[in-house]
Protein chains: 4
Amino acid sequence: MSKILGRPRSQAADDAIIAAATKIFYKQSYQDVSMEAIAIEAGVGKATLYRRWANKATLAVEVLMRQVIQEKTEYSSGNYRQHLISNLMGLRDMLSSEYADVIICVIAETQYNPELRTLFDQHFLKPVQAIGEQDLKRAIQQGEIKDIVDHNLLFDQLFGLFYYRILVVQNNICDKDIYAIVDAFLALVGINNSEK
Amino acid sequence: MSKILGRPRSQAADDAIIAAATKIFYKQSYQDVSMEAIAIEAGVGKATLYRRWANKATLAVEVLMRQVIQEKTEYSSGNYRQHLISNLMGLRDMLSSEYADVIICVIAETQYNPELRTLFDQHFLKPVQAIGEQDLKRAIQQGEIKDIVDHNLLFDQLFGLFYYRILVVQNNICDKDIYAIVDAFLALVGINNSEK
Amino acid sequence: MSKILGRPRSQAADDAIIAAATKIFYKQSYQDVSMEAIAIEAGVGKATLYRRWANKATLAVEVLMRQVIQEKTEYSSGNYRQHLISNLMGLRDMLSSEYADVIICVIAETQYNPELRTLFDQHFLKPVQAIGEQDLKRAIQQGEIKDIVDHNLLFDQLFGLFYYRILVVQNNICDKDIYAIVDAFLALVGINNSEK
Amino acid sequence: MSKILGRPRSQAADDAIIAAATKIFYKQSYQDVSMEAIAIEAGVGKATLYRRWANKATLAVEVLMRQVIQEKTEYSSGNYRQHLISNLMGLRDMLSSEYADVIICVIAETQYNPELRTLFDQHFLKPVQAIGEQDLKRAIQQGEIKDIVDHNLLFDQLFGLFYYRILVVQNNICDKDIYAIVDAFLALVGINNSEK
DNA sequence: TTCTAACCGAGACGGTACGTCGGGTCTTAAA
DNA sequence: TTTAAGACCCGACGTACCGTCTCGGTTAGAA
């Protein structure tokens with residue numbers, strides 16, 4: 001049986017590291033952030049840092065994840081159209097935030113780091129998609145939209161639009177754009193529009 | 001009047017550097033590529049390299065640009081549907097190629113390097129978009145598709161889908177998917193579908 | 001109160017660096033020696049090297065110092081004349097050795113590097129002078145030579161002769177020359193000569 | 001027979017280079033002086049510079065030589081004691097000047113550059129020694145000093161004292177010191193002292 | 001006058017060493 | 001066993017200088 005031996009890990013260290021990382025990733029570009037700086041800001045040894053997160057990218061995912069969770073909980077009422085708009089505004093805000101370069105740099109890293117890939121999928125992409133899918137499922141059950149087969153493709157088109165516009169082309173997406181996009185989306189899959 | 005003074009820059013050095021960079025970016029991840037390695041492979045001094053390209057990202061854009069130009073010239077016959085399919089297959093191939101991580105890393109860099117941003121826009125994004133737009137214009141003139149107002153949005157959705165699926169979610173897009181996507185796109189904007 | 005924090009510096013690294021430097025300074029000219037080569041030979045990171053010695057010259061002084069210490073301990077018996085001859089032969093050997101160019105290059109550096117100046121003084125010049133002075137003092141006490149006031153000047157003349165002849169004019173000084181020089185020196189300050 | 005073909009070398013370029021080198025060696029340490037800077041200051045191409053002087057050290061010897069010539073012509077009257085004092089003051093001034101580090105750096109280079117060695121010998125050391133020897137010869141003829149056999153050794157001791165004191169130990173030599181040194185020297189070799 | 005050869009200033013060339021910096025690991029003594 | 005501190009190895013970075021080479025153009029004497 002495995003007993004817990006030695007000094008237990010300090011929760012304070014965890015918190016200090018995340019706080020420091022969140023702060024530093026906010027005000028500096030991903031590349032310019034050094035693990036050393038985070039360790040110093042957190043008042044923590046580098047080993048303590050690496051014992052919890054294997055590398056900079058992994059720590060960055062942690063920070064991003066917490067940012068997503070914050071966003072997620074803020075939008076939670078209204079009908080499907082409202083939900084969708086709220087979710088997409090959340091996504092827009094995240095992609096336009098100071099963490100934009102952290103997101104894209106992490107995505108870059110995932111190209112040749114499978115573990116990070118998995119982590120990023122589960123802690124960042126999935127949670128964002130999940131909101132959309134939960135809402136969608138409820139909307140279908142409530143008869144708000146058609147039970148289309150390939151909503152994956154449509155969702156990817158929707159999300160892709162945001163990633164591409166904001167991160168690649170670097171045109172920001174205003175609220176009016178989002179209304180138009182959502183309405184176009186609902187025009188395709190919504191039930192009410194065929195009733196009109 | 002400005003005369004040409006001093007020894008002119010060697011075209012051979014240009015070529016050697018680009019060839020070396022293309023080769024090395026192909027077989028190594030962007031992060032693992034060092035400017036020093038490129039200089040050595042090209043048989044060129046580091047100063048010669050930095051005289052032309054200020055940093056790794058700028059050189060990477062050069063390499064990507066030439067890859068895009070190669071792709072572009074390969075697809076050039078058939079009707080609009082054919083063209084669109086060809087173009088998107090080209091985009092898919094590029095985003096799925098060994099240069100995928102170079103592209104995403106360059107995009108990452110553009111987040112905090114305005115000059116690189118401009119360069120990437122003009123030498124990579126614009127050329128790719130241009131193909132689509134030229135074809136579109138011709139298609140409208142020939143009455144193949146509706147003269148819709150906001151084809152920008154639709155194109156971004158299309159391109160975004162590819163960037164998102166391949167680079168972010170990392171699901172590859174097969175030929176069948178492309179047919180489906182194009183048909184869905186034409187169902188929205190094509191004229192023939194309203195005739196059905 | 002100052003406690004010892006962090007990982008202590010590795011004595012093994014110190015030793016490896018000094019051994020490597022000694023070896024490389026021996027077989028290459030000072031100018032051709034690179035810090036990188038020393039680091040590699042020592043199996044040590046460049047940072048580790050620069051953490052201890054700020055530059056090539058400082059490291060060279062370290063190497064020279066250890067060479068002086070080796071020489072010093074070799075000559076230690078006989079009367080004052082014998083001692084003087086031994087010491088000057090040691091100086092001659094050092095200035096004629098493979099380290100000659102290291103010595104002169106370090107002296108060159110001291111012209112515009114005060115810290116190196118101090119270091120060179122304390123770790124190289126002083127130890128060499130000290131031998132002569134100790135012997136002198138003993139010789140005076142034992143009545144072998146006159147208690148002259150300005151032996152500094154005479155010593156500088158003696159040492160200067162060696163530096164000038166070997167390093168500047170680059171004529172080597174043979175054993176016979178040394179005997180002559182010492183006898184001339186003792187003819188000036190020795191007691192026995194006035195007794196003859 | 002070799003005829004002079006092509007455009008003759010520009011005297012103006014020679015002068016400009018020497019002037020620039022003299023100026024720059026004066027105000028910067030030898031190490032910090034770059035051939036490029038001299039070429040720019042002289043308004044001359046680097047090739048023009050290297051066509052005349054093979055490297056920095058060779059050019060430095062040129063500068064030093066001209067400095068020696070300047071000094072030489074300044075002292076030329078009085079008896080031998082006066083001459084010797086003047087000459088040594090000239091040497092002292094040169095070794096204490098802004099060119100001190102140039103001298104020592106050139107000496108350093110001569111350790112592994114035989115051509116420079118020859119050049120330095122003929123253009124710097126010899127001229128300085130020559131003054132002393134000419135004066136000595138005349139003094140011997142005029143019966144001012146003994147016709148000693150090995151005045152080489154004594155001269156080396158004298159010059160060595162200056163090089164060692166000023167460049168190595170870096171104690172400056174004041175006028176009073178020079179008087180003392182000269183008188184000690186003449187006490188050894190002078191005729192008048194035995195007459196007193 | 002035209003030709004030829006060496007020159008000129010400017011600056012790019014291949015090399016090479018520099019000293020710094022960051023990543024991720026390891027080693028202390030203390031808790 | 002974890003902690004903070006900080007040294008460790010590794011290797012890329014971008015700069016600077018070396019001494020050479022290549023431009024277009026100049027300057028002389030020879031043909």
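Chain identifiers are assigned alphabetically (A, B, ...) following the order of the sequence lines, protein sequences preceding nucleic acid strands; residue numbering begins at 1 within each chain.
Crowding of D:Glu36 atom CD: a count of heavy atoms from other residues, nucleotides or ligands under 6.0 Å not exceeding 12.
With sequence neighbours excluded, the residues that form a salt bridge (Lys or Arg N to Asp or Glu O under 4.0 Å) with A:Asp14 are A:Arg52. Legend: residues meeting ring-ring contact (aromatic ring centres under 6.0 Å, His included) with D:Tyr112, ordered by chain and number and at least two apart, are absent.
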Checklist line | Test side chain to side chain contact (heavy atoms under 4.5 Å, CB included) applied to D:Ile103 and D:Phe124, step by step | finding: CA-CA 9 Å; D:Ile103 295 169; D:Phe124 187 82; 4.0 Å; yes
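Note on D:Arg52: every side-chain N or O is 4.0 Å or more away from OP1 and OP2 of E:dC7. OP1 or OP2 of E:dC26 has not a single side-chain nitrogen or oxygen of C:Arg7 nearer than 4.0 Å. An OP1 or OP2 oxygen of E:dG24 is reached within less than 4.0 angstrom by no side-chain nitrogen or oxygen of A:Arg51.
Using a 4.5 Å heavy-atom threshold, the side chains of D:Glu98 and D:Phe25 count as separate.
Distance CG (D:Leu49) to P (E:dG11): 16 Å, rounded to an integer number of Å. One interatomic measurement links the two molecules: CG of A:Asp14 to P of F:dT3, which rounds to 8 Å at whole-angstrom precision. Distance A:Leu116 CG to E:dG24 P: 11 Å, rounded to the nearest Å. We find that CD1 of D:Ile38 is positioned 12 Å from P of F:dC17, with the value rounded to whole Å. To the nearest angstrom, C1' of F:dG6 lies 10 Å from CZ of C:Arg9. Between B:Leu5 atom CG and F:dG25 atom C1' the separation is 10 Å, expressed in whole Å.
Checked for salt-bridge contact, D:Glu41 and D:Lys23 meet the test: a charged N lies under 4.0 Å from a carboxylate O.
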Any protein N or O atoms within reach of nucleotides 18-22 of chain E? Criterion: under 3.5 Å, listing atom names and distances.
residue : atom : partner : partner atom : Å
E:dC18  : OP1  : C:Met35 : N            : 3.2
E:dC18  : OP2  : C:Met35 : N            : 2.8
E:dC18  : OP2  : C:Glu36 : N            : 3.4
E:dG19  : OP2  : C:Tyr50 : OH           : 2.5
E:dG19  : N7   : C:Lys46 : NZ           : 3.0
E:dG19  : O6   : C:Lys46 : NZ           : 2.7

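Listed nucleotides E:dA10, F:dC9, F:dT3 differ in distance to A:Thr48; the shortest reach to its side chain belongs to F:dT3.
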